[in-house]
Amino acid sequence: MHHVKILEDNDFFNFKISVKASDVFLATASYQLLANACDYPLHIGITEAGSLNAGTIKSAVGLGYLLMQGIGDTIRVSLSANPEEEVKVAYQILKTLELRQYGVNIVSCPSCARQGFDVVKIVTEVEKLTQHIKKPITVSILGCVVNGLGEAAHTQIGITGTTGGKHNVYLNGKPHHKINENENLIEHIVQLVEEQANQN
Ligand code: SF4
């Protein structure tokens, strides 16, 4: 606030404040104090957060905690990784909090003995092959029919585990068609996503 006063005394108000720290508790407490002390926009971040995995979690916890309280006007994710990953993580945090609608959002299960296909492989590939899609589209990919139907009812494209050797495919929450388990499921889902993306 001492530095803010220097700027104010010089009639300069076109600024935002950043007090990023690598310690999540220090950073979040500092931003909370600042948000109570002034109305200037805050640039928030957990700085030097670490590796792709650990830093993503630290950033999500710290930024998520602040953003959910309405604190933060611009954000920065700082990882020891390819800078492209920082942008992806930042978008993912904003998407999770529904502050941005962007790209494909996959709802998928961790898979278990009930899975009718290799969920992890399919989800990983579909995510990779749909990265170019900007339009917000929700896709559910669940390993079994039981839970697959429930999630499919709430997503634009829903794929369930197999029954009688076929996956149920839901579009906009309604049963649409079935796909044989021997067909290329990845290709089929990507095609459905692209069709949705091209619709007005
Ligand atoms: S959705 Fe079905 S396959 Fe996936 S983890 Fe749950 S029970 Fe297992």
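Predicted, not measured: the structure shown is a model, and the values here were computed from it. Order of appearance sets the numbers: ligands from 1, and atoms from 1 within every ligand. Start at 1 with the first residue, then count along the sequence.
The heavy-atom pair separating C109 from L142 by the smallest distance is CB-CD1, 3.5 Å.
Using a cut-off of 2.8 Å, one finds that C144 contributes an N/O/S atom close to atom 2 (Fe) of ligand 1. Among the backbone and side-chain atoms of C109, an N, O or S atom lies under 2.8 Å from atom 4 (Fe) of ligand 1.
Tested against L66 for a side-chain contact (heavy atoms from CB on, under 4.5 Å), the candidates T28, V61, I46 yield a single pass: T28.
The main-chain N or O of T160 is found under 3.5 Å from a side-chain atom of H167 such that the two form a donor-acceptor pair.
No path of Ile, Leu, Val, Met, Phe, Trp and Tyr side chains, each step under 4.5 Å between heavy atoms, connects Y31 with F25, placing them in separate hydrophobic clusters.
For atom 8 (Fe) of ligand 1, the nearest non-hydrogen atom of the protein is C112 SG, 2.3 Å.
Distances below 4.0 Å separate heavy atoms of L142 from the following atoms of ligand 1: 1 (S). Shown in contact with N147 at under 4.0 Å from a heavy atom are these atoms of ligand 1, numbered in order with element: 1 (S), 2 (Fe), 6 (Fe), 7 (S). Annotation for ligand 1: atoms under 4.0 Å from non-hydrogen atoms of G143 are 3 (S), 4 (Fe).
Taking only non-hydrogen atoms, the option from S111, S108, G161 nearest to atom 5 (S) of ligand 1 is S111.
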| task | Could you walk me through whether K5 and E8 pass salt bridge (Lys or Arg N to Asp or Glu O under 4.0 Å), step by step? | result | CA-CA 5 Å; K5 176 112 186 24; E8 287 175 340; over 6 Å; no
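Residue A113 does not touch ligand 1, judged by heavy-atom distances below 4.0 Å.
Below 30°, between 30° and 60°, or above 60°: for Y102 and Y91 the angle between ring planes is below 30°, a parallel geometry.
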